[in-house]
Amino acid sequence: MSTNADKKKKNAVSNFFAVVGNNIKEIGTTFAQGDFKTKLSFIILGFGQILRGQLLKGISFLALEVLFFVYLFKFGWSYFSKITTLGTVETTKANRVTVYGDNSFLILLFGILTIFAIIAFIVIWRLNISENRREEELLRAGKKLPSNKEVFASLFDKNFDKTLLAVPVTGVFIFTVLPIVFMICVAFTNYDKQHQAPTNLFTWVGLENFQNLFSFGGSGLAPTFLSVLAWTLMWSFFATFIDYFVGLGVAILINKKGIKFKKLWRTILVMTIAVPQFVSLLYVSKMFANDGLINGYLMQWGLIDKAIPFWTNPALARITIIVVNIWIGIPYMMLIATGLLMNIPEDLYESAKIDGATGWQMFRNITLPYMLFVTGPFLLTQFTGNLNNFNVIYLLTGGAPQSMQLAENAGRTDLLVTWLYKMTVNDTNYKMAAVIGIMVFVVTAVISLVVYNMLPSVKDEEGFQ
Amino acid sequence: MNSSSMKTKRAIGNVLGYIVLILISIIWLFPFVGLVLQSFRSYATEYGGMVGYLVPKQFSLDNYKFLFSGETNFLKWYGNTITIAIFVAIFQTIMVLCVSYVLSRMRFTGRTFLMRFWLILGMFPGFLTMICLYFLLKSLGLTQAGAVPGLILVSVASSGMGYYVCKGYFDTIPKALDEAARIDGASRARIFFTMIIPMSKPIIIYTALVAFMAPWCDYVFASYIAFGHDESYNVAVAMQRWVNTNDYQGYFTRFCAGGVLIAIPVTLLFMFLQKYYVEGVTGGAVKG
């Protein structure tokens with residue numbers, strides 16, 4: 001198994017070098033064999049295309065080159081050149097006038113952007129060369145180049161993918177990729193309350209933050225981290241599986257022959273999906289409060305003397321959250337199960353009945369295996385979704401109750417994500433927030449990978465067909 | 001004899017089933033009933049905070065009047081949220097349709113890379129990028145006073161990554177249809193606009209509905225980029241503040257009234273389009 005993986009890895013590495021080698025070779029031969037138009041295109045992008053009448057392509061290449069160099073010299077370079085130190089000039093105050101020095105935040109952000117711009121430019125440059133080579137070969141073979149109109153029209157036909165993906169991919173790049181790379185970098189700096197840009201500089205510190213997260217002594221965060229991580233996993237497990245099985249049960253109950261008003265029952269349950277969560281969850285959180293409705297009635301009826309501390313006792317708060325989450329999660333599962341249950345062939349049950357199977361036996365041997373098989377991937381996404389289920393935790397408890405045993409304001413019901421949120425917003429401890437974010441990613445990725453390969457529907461796609 | 005015992009058995013089973021269902025219904029509806037009832041409790045005569053009983057002694061419209069009186073920016077918040085929801089629903093649907101069509105129908109270099117890369121990106125928690133996004137928006141002038149367009153931009157920009165359900169639906173439309181149209185000389189764009197989109201009504205409605213519902217719950221990012229600028233809050237931020245920080249003792253019933261006003265249109269819309277939601281959710285769950 002491991003040798004196989006090793007082989008694969010080696011293959012990937014050698015493949016990569018083979019691709020790079022081939023590319024360089026092709027660039028070389030293009031230059032050696034090309035005419036002066038092609039040769040000039042190595043420096044002035046799009047030159048060859050323009051001279052060959054491919055105005056649309058040529059001008060686009062040229063415009064991109066101009067744009068890149070204007071960006072680099074007017075803007076990018078000044079940040080990019082300082083990325084190794086993240087700035088050295090302190091902001092000072094002289095005669096009540098603040099003289100701003102380097103802004104580490106901007107240096108890091110635009111430094112990263114410049115690196116991406118350089119990579120993009122190299123790709124465009126390479127594209128320009130292969131474009132030139134292709135055109136030359138076509139002309140040499142005596143064929144005609146496509147007209148500008150045809151090139152434009154291809155954007156709606158053969159190259160429609162590029163047209164449609166341009167905006168989404170750019171959007172994801174600017175608003176997801178760039179920020180994530182930025183925050184990954186922040187995990188290796190000392191960007192926190194004491195090092196706030198633009199008044200103070202921050203700089204690279206290597207693995208210090210990760211060491212801090214995993215160290216037990218002194219101000220090390222390991223005990224808190226492990227406690228929060230354990231609860232996060234526990235919460236995810238219970239939230240996913242309790243909802244799954246109870247939801248399945250409710251769906252079976254509603255689907256049962258002889259139960260009337262099926263639509264009514266479903267509609268009642270679906271209310272929790274329809275009503276915005278922040279309205280329902282905030283109300284429920286107040287309902288369980290010490291001075292809330294539930295405690296109020298229980299006390300009026302004389303069942304208890306003192307309010308039950310639903311949200312202030314750590315263990316009770318955790319249980320209450322899981323219970324309230326059932327209220328949120330079951331309708332969702334019920335909807336999915338209802339659709340799937342109808343797909344199970346009726347004759348399976350008929351023949352089981354003839355063989356004298358009880359309801360429970362039919363559930364165990366027909367319904368459950370089928371459901372688990374079909375909904376395997378769904379369970380996995382539910383589980384990873386629950387790992388990051390911010391709304392339920394934040395609206396119900398906000399992570400409370402706080403505990404003296406936990407560092408960095410973590411509470412007993414905090415998930416990794418709510419802890420991350422608190423660190424960012426309340427404590428402006430960006431460096432540790434970034435480290436936690438990376439940890440959330442690691443946990444999610446590991447679980448997804450391991451479980452995904454274990455899923456029966458992945459291992460054996462034909463299983464139930 | 002045997003069949004009659006079966007019948008009684010089944011009848012008992014049904015009765016038990018009804019009992020369970022009625023109990024479930026009560027539990028499920030209780031918070032909503034409570035929310036509505038308490039929204040009618042009078043602020044002036046019966047105290048606006050939390051009390052230990054459900055049914056107000058005297059019904060009044062005080063809280064609703066307060067919301068519409070202009071004493072707070074409630075109407076503004078409401079308007080903000082509707083604006084955000086509508087724009088996000090429109091643009092997000094367009095983005096998702098574009099991405100889904102390309103990934104379902106076209107084969108190009110980097111296709112698998114793009115899908116894997118986006119899958120991995122999705123495993124990073126969203127809040128991680130908050131401060132960076134805040135800065136990006138601030139440099140565009142889209143925070144505080146400009147928080148509403150800023151929120152729309154952020155929600156829409158990365159929405160292409162949520163293509164899974166929609167692509168799964170497109171995959172079920174036979175490719176033979178595309179090929180036939182292409183033989184007749186239709187371009188990809190034509191196929192997309194005149195064939196695929198008209199055939200995808202259920203999934204378009206599902207995508208738009210999910211996109212429309214999300215901004216009503218958007219607390220985290222909305223509170224972060226509208227920070228301190230009351231006028232550009234959305235309802236979630238404003239209500240959260242009423243309940244938790246703004247002396248909820250007096251604002252609780254007002255929150256209830258606000259909650260009812262927010263829940264009614266969203267719930268009605270959802271119930272109306274429930275069929276499409278169920279279709280989308282079920283399809284998405286099976287295909288993963």
Side-chain angles (χ1 to χ4, degrees), chain A residues 156-157 160-161 164-165 168 171-172 174-177 179-180 182-183 250 253 256 258-259 265 268-272 274-280 282-284 286-287 291-293 296-297 300 327 335-336 339 374-375 377-378 381 388 390-391 417 420-421 424-425 430 434 437 440-441 444-445, chain B residues 10 14 17 20-21 24-25 28-29 31-32 34-35 50-54 95 98-99 101-102 106 108 118 121 123-125 127-133 135 154 157-158 160-161 187-189 216-217 219-220 224 236 239-240 243 252 259 262-263 266-267 270-271 274 278 281-282 285-286 288:
Chain A
F156 296 93
D157 194 15
F160 195 42
D161 52 338
L164 284 187
L165 283 181
V172 170
I174 297 176
F175 287 92
T176 304
V177 178
I180 284 179
F182 174 82
M183 284 313 282
V250 173
L253 180 60
K256 203 174 150 208
I259 295 282
W265 307 120
I268 289 173
L269 285 169
V270 166
M271 280 289 280
T272 45
V275 176
Q277 270 188 8
F278 87 93
V279 174
S280 52
L282 278 178
Y283 184 81
V284 170
K286 286 301 156 206
M287 219 167 79
D291 52 354
L293 261 186
Y297 272 115
Q300 266 176 44
W327 185 71
L335 285 183
I336 288 166
V374 180
T375 54
F378 164 75
T381 42
N388 294 314
F390 183 88
N391 264 359
V417 274
L420 186 164
Y421 173 80
T424 314
V425 175
Y430 303 123
V440 173
F441 167 75
T444 317
Chain B
R10 184 168 288 166
N14 282 347
V20 173
L21 283 174
I24 288 178
S25 302
W28 249 255
L29 291 181
F32 302 122
L35 187 76
M50 300 207 302
V51 290
Y53 54 90
L54 188 63
M95 295 277 253
C98 290
V99 173
Y101 174 77
V102 171
M106 303 188 70
F108 51 95
W118 281 7
L121 276 187
M123 291 178 188
F124 282 95
F127 315 124
L128 184 63
T129 56
M130 225 164 37
I131 51 163
C132 191
L133 287 179
F135 173 80
V154 168
S158 298
M161 284 165 69
S187 69
R188 291 267 184 202
W216 296 88
C217 296
Y219 170 76
V220 182
Y224 198 61
M239 294 291 122
Q240 157 87 6
V243 172
F252 184 65
I262 291 154
V266 181
T267 310
F270 185 88
M271 290 301 178
Q274 195 186 342
V278 174
V281 162
T282 320
V286 177

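Both backbone and side-chain heavy atoms feed into the values below; hydrogens, waters and symmetry mates do not. Numbered from 1 within each chain, the chains take letters A, B, ... in sequence-line order.
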J.: Check each atom of A/Gln300 against the heavy atoms of chain B and say whether the ones under 4.5 Å are side chain, backbone, both or neither.
T.: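 Contact with chain B: side chain only.
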
J.: Using a 4.5 angstrom heavy-atom cutoff, name the option from B/Val99, B/Val102, B/Val266 with the most pairs to chain A.
T.: B/Val102

J.: With chain A as the partner, which of B/Gly34, B/Gly17, B/Ser25, B/Ala157 has the greatest number of non-hydrogen pairs under 4.5 Å?
T.: B/Ala157

J.: How close do B/Gln274 and A/Val270 get, counting heavy atoms only, and between which atoms?
T.: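 Result for this residue pair: NE2-CG2, 3.8 Å.
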
J.: Measure the CE-CG distance between B/Met95 and A/Leu165 for me, rounded to the nearest 0.5 Å.
T.: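 If I round to the nearest 0.5 Å, the distance is 10.5 Å.
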
J.: Atom CH2 of B/Trp28 and atom CH2 of A/Trp265: how far apart are they, to the nearest 0.5 Å?
T.: 13.5 Å

J.: Under a 4.5 Å cutoff for heavy-atom pairs, which residue among B/Thr267, B/Leu35, B/Leu21 has the most contacts with chain A?
T.: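 Winner by heavy-atom pair count: B/Leu21.
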
J.: Between B/Arg188 and A/Asp161, is there a side-chain heavy-atom distance shorter than 4.5 Å?
T.: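 No. Closest side-chain heavy atoms not under 4.5 Å.
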
J.: Between chain B and each of A/Gly296, A/Gly171, A/Ala274, count heavy-atom pairs under 4.5 Å; write down the option with the most.
T.: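 Maximum pair count with chain B is reached by A/Ala274.
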
J.: To the nearest 0.5 Å, tell me how far B/Met161 CE sits from A/Thr176 OG1.
T.: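 Here the rounded value is 5.5 Å.
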
J.: Going from SG on B/Cys98 to CG on A/Leu164, what distance comes out if it is rounded to the nearest 0.5 angstrom?
T.: 4.5 Å

J.: Using ring centroids (six-membered ring only for Trp), state whether B/Phe127 and A/Phe390 fall under 6.0 Å.
T.: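 Yes.
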
J.: Report yes if some heavy atom in the side chain of A/Met271 is under 4.5 Å from a heavy atom in the side chain of B/Leu29; otherwise report no.
T.: yes

J.: At a heavy-atom distance under 4.5 Å, which candidate from B/Ile24, B/Val20, B/Val278, B/Thr129 has the highest pair count against chain A?
T.: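 The candidate making the most pairs under 4.5 Å is B/Thr129.
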
J.: Mind checking the CE-CG spacing from A/Met183 to B/Leu133? Nearest 0.5 Å is all I need.
T.: 10.0 Å

J.: I'd like to verify something: which residue of B/Ala189, B/Gly259, B/Cys217, B/Gly160 has the highest number of heavy-atom pairs under 4.5 Å with chain A?
T.: B/Ala189

J.: With a 4.5 angstrom heavy-atom cut-off, is it the side chain or the backbone of A/Val284 that approaches chain B, or both, or neither?
T.: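 Just its side chain gets close to chain B.
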
J.: Can you tell which of A/Pro276, A/Gly292, A/Gly339 has the highest number of heavy-atom pairs within less than 4.5 Å of chain B?
T.: A/Pro276

J.: Contact part of B/Met123 toward chain A, heavy-atom cut-off under 4.5 Å: side chain, backbone, both or neither?
T.: both

J.: Look at B/Phe108, B/Tyr101, B/Phe124, B/Phe135 and state which one has the largest set of heavy-atom pairs under 4.5 Å with chain A.
T.: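 That would be B/Phe124.
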
J.: Heavy atoms only: give me the nearest A/Gly437-B/Pro125 pair and the separation to one decimal.
T.: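 Reported closest heavy-atom pair: O-CD, 3.6 Å.
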
J.: Do A/Val275 and B/Phe270 come close enough that some side-chain heavy atom pair is under 4.5 Å?
T.: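 Not in contact.
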
J.: For chain B, which candidate among A/Phe160, A/Tyr421, A/Tyr297 shows the most heavy-atom pairs at distances under 4.5 Å?
T.: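 Greatest number of close heavy-atom pairs with chain B: A/Phe160.
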
J.: Determine the minimum heavy-atom distance between A/Ile259 and B/Asn14, stating which atoms define it.
T.: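 Result for this residue pair: CD1-O, 4.1 Å.
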
J.: With rounding to the nearest 0.5 angstrom, report the CZ to CG distance, A/Phe182 to B/Leu128.
T.: 10.5 Å

J.: Given the options A/Leu269, A/Ile174, A/Val250, A/Val177, which has more heavy-atom pairs under 4.5 Å with chain B than any of the others?
T.: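 The candidate making the most pairs under 4.5 Å is A/Leu269.
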
J.: Quick check on the interface: out of A/Leu293, A/Leu335, A/Leu253, who has the most heavy-atom pairs with chain B under 4.5 Å?
T.: A/Leu293

J.: What heavy-atom pair brings B/Met130 and A/Thr424 nearest, and what distance separates the two atoms?
T.: CE-CG2, 3.9 Å

